[in-house]
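Before any comments, here is the structure.
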Amino acid sequence: MRGKVRTGGLLLLSLSPLAGCADDGVSPVRTPAGEVAGIYRVCALEFTPASRFLPAVDLRTAAFETSAAGVAAPRLQVDSTGVFELEYTPRGRFTDVEHRGTFVTGDGEAVLTFTRPADVAPLLLPGSVAAEWDAAASTLTPADPFPYTVAKADYERLLGESDPGIPAQVEGRLAGRFARGDCP
């Protein structure tokens, strides 16, 4: 239990942790899916290896076509029904690719889970991303990034170089920002 305070032989329970709870007094407040819904630009997306000897990869510029005329910018479309779609044009191509998934909301967050995690692994993305929701800025930001591993071949391909010293699996973290409207 949260908020236990022992004074002498008496156990007191603090009810202050319940102040941010839902109507049932126990469950955390959930951000409505409709509030998070919208079309987001991929403003920043980076994979940073845990090893300080390996460089970070800017996924937005390494994996997505962002400079060709007539190509739509990468975007994340979040629907109020609990589904999302990451749509982008792979670097050097002109045909869009879409990766779908579902999401659930929590207190100021959305957890996005790709339907086919193996399809986004070459992008150095994890199968599931917990993102903080900032209602005032209308942004989603990967929250407290957790470490995950990617294949050496995928890392090297997006890095644009290879090295025999890179391990078969590269552990790292995801950082980024998705914004409704323009990227600052």
Side-chain angles (χ1 to χ4, degrees), residues 20-22 24 26-50 56-66 72-91 93 95-155 157-159 168-181 183:
C21 295
D24 64 5
V26 179
S27 303
V29 175
R30 292 186 105 43
T31 301
E35 186 177 320
V36 178
I39 297 174
Y40 295 80
R41 292 183 184 272
V42 181
C43 298
L45 200 57
E46 183 176 86
F47 175 78
T48 303
V57 177
D58 179 344
L59 303 177
R60 189 176 180 284
T61 59
F64 306 145
E65 184 58 65
T66 57
R75 68 186 192 158
L76 177 69
Q77 186 168 331
V78 180
D79 192 291
S80 63
T81 62
V83 297
F84 73 90
E85 181 178 280
L86 175 64
E87 184 179 344
Y88 65 97
T89 301
R91 188 166 180 84
R93 292 181 42 202
T95 307
D96 287 356
V97 174
E98 300 166 350
H99 298 291
R100 293 178 173 87
T102 59
F103 75 96
V104 294
T105 59
D107 183 13
E109 72 173 3
V111 178
L112 297 94
T113 303
F114 288 98
T115 303
R116 297 176 53 147
D119 290 350
V120 296
L123 297 173
L124 308 186
L125 295 176
S128 184
V129 177
E132 292 177 356
W133 163 243
D134 182 336
S138 293
T139 59
L140 286 168
T141 306
D144 193 19
F146 60 93
Y148 61 99
T149 58
V150 299
K152 173 185 179 173
D154 293 332
Y155 173 74
R157 181 179 48 75
L158 291 180
L159 182 61
Q169 296 289 312
V170 179
E171 183 178 62
R173 297 177 186 273
L174 181 69
R177 189 175 71 260
F178 303 89
R180 288 194 302 216
C183 293

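By convention here, the first residue in the shown sequence is residue 1. Everything numeric here is computed off the predicted structure, so don't read it as measured data.
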Which residues share a salt bridge (Lys or Arg N to Asp or Glu O under 4.0 Å) with D119, sequence neighbours left out | R116
Those residues at least two apart in sequence (or on a different chain) that pass salt bridge (Lys or Arg N to Asp or Glu O under 4.0 Å) with R75 are E87
Decide yes or no for T66 and R60: does some side-chain heavy atom of the first lie under 4.5 Å from some side-chain heavy atom of the second?
-> yes
If you measure from OG1 on T149 to OH on Y155, what distance do you get to the nearest 0.5 Å?
-> 14.0 Å
How many angstroms lie between CD in E85 and CZ in F114, if you round to the nearest 0.5 Å?
-> 10.5 Å
Heavy-atom nearest pair, P142 first then G176, reads CD-O, 3.3 Å
Within the distance-only criterion (no hydrogens, no angle test), does the side chain of T115 pair as donor or acceptor with the backbone N or O of R100 below 3.5 angstrom?
-> yes
When every non-hydrogen atom of S80 is compared with those of A37, the smallest separation belongs to N-CB, 3.6 Å
Tell me, do V78 and F103 make a side-chain contact under 4.5 Å, heavy atoms counted?
-> yes
Taking only residues two or more places apart in sequence, or in another chain, which ones meet E109 in a salt bridge (Lys or Arg N to Asp or Glu O under 4.0 Å)?
-> none
Can you name the residues that form a side chain to side chain contact (heavy atoms under 4.5 Å, CB included) with T31, not counting sequence neighbours?
-> E35, V36, T105, W133
Should R180 and T139 count as side-chain neighbours, where that means a heavy-atom distance under 4.5 Å?
-> no
Taking salt bridge (Lys or Arg N to Asp or Glu O under 4.0 Å) as the test, write out the residues that go with R41, two or more places apart.
-> D182
So do the side chains of E171 and P49 get within less than 4.5 Å of each other, counting heavy atoms only?
-> no
Per side-chain contact (heavy atoms from CB on, under 4.5 Å), L125 is matched among D154, V150, L174, L112 by L174
Would you indicate whether the side-chain heavy atoms of L158 and L59 approach each other to under 4.5 Å?
-> yes
Is the closest side-chain heavy-atom distance between F84 and D79 below 4.5 Å?
-> no
Distance (rounded to the nearest 0.5 Å) between R177 CZ and E46 CD = 12.0 Å
Between F47 and Y148, ring centroids under 6.0 Å | yes
Nearest-0.5 Å distance, OG of residue S128 to CZ of residue F146 = 6.0 Å
If you take all heavy atoms of T48 and A56, which pair is closest and at what distance?
-> OG1-CB, 3.8 Å
What's the spacing between L123 CG and L45 CG if we round to 0.5 Å?
-> 8.5 Å
Between the OG1 atom in T89 and the CG atom in D96, the distance rounded to the nearest 0.5 Å is 4.0 Å
Taking only residues two or more places apart in sequence or in another chain, which ones pass side-chain hydrogen bond (donor to acceptor under 3.5 Å, both in side chains) with D134?
-> none
Between P147 and R173, which heavy-atom pair has the shortest distance, and what is it?
-> CD-NH1, 3.3 Å
What orientation do Y88 and F64 show, parallel under 30°, tilted 30 to 60°, or perpendicular over 60°?
-> tilted
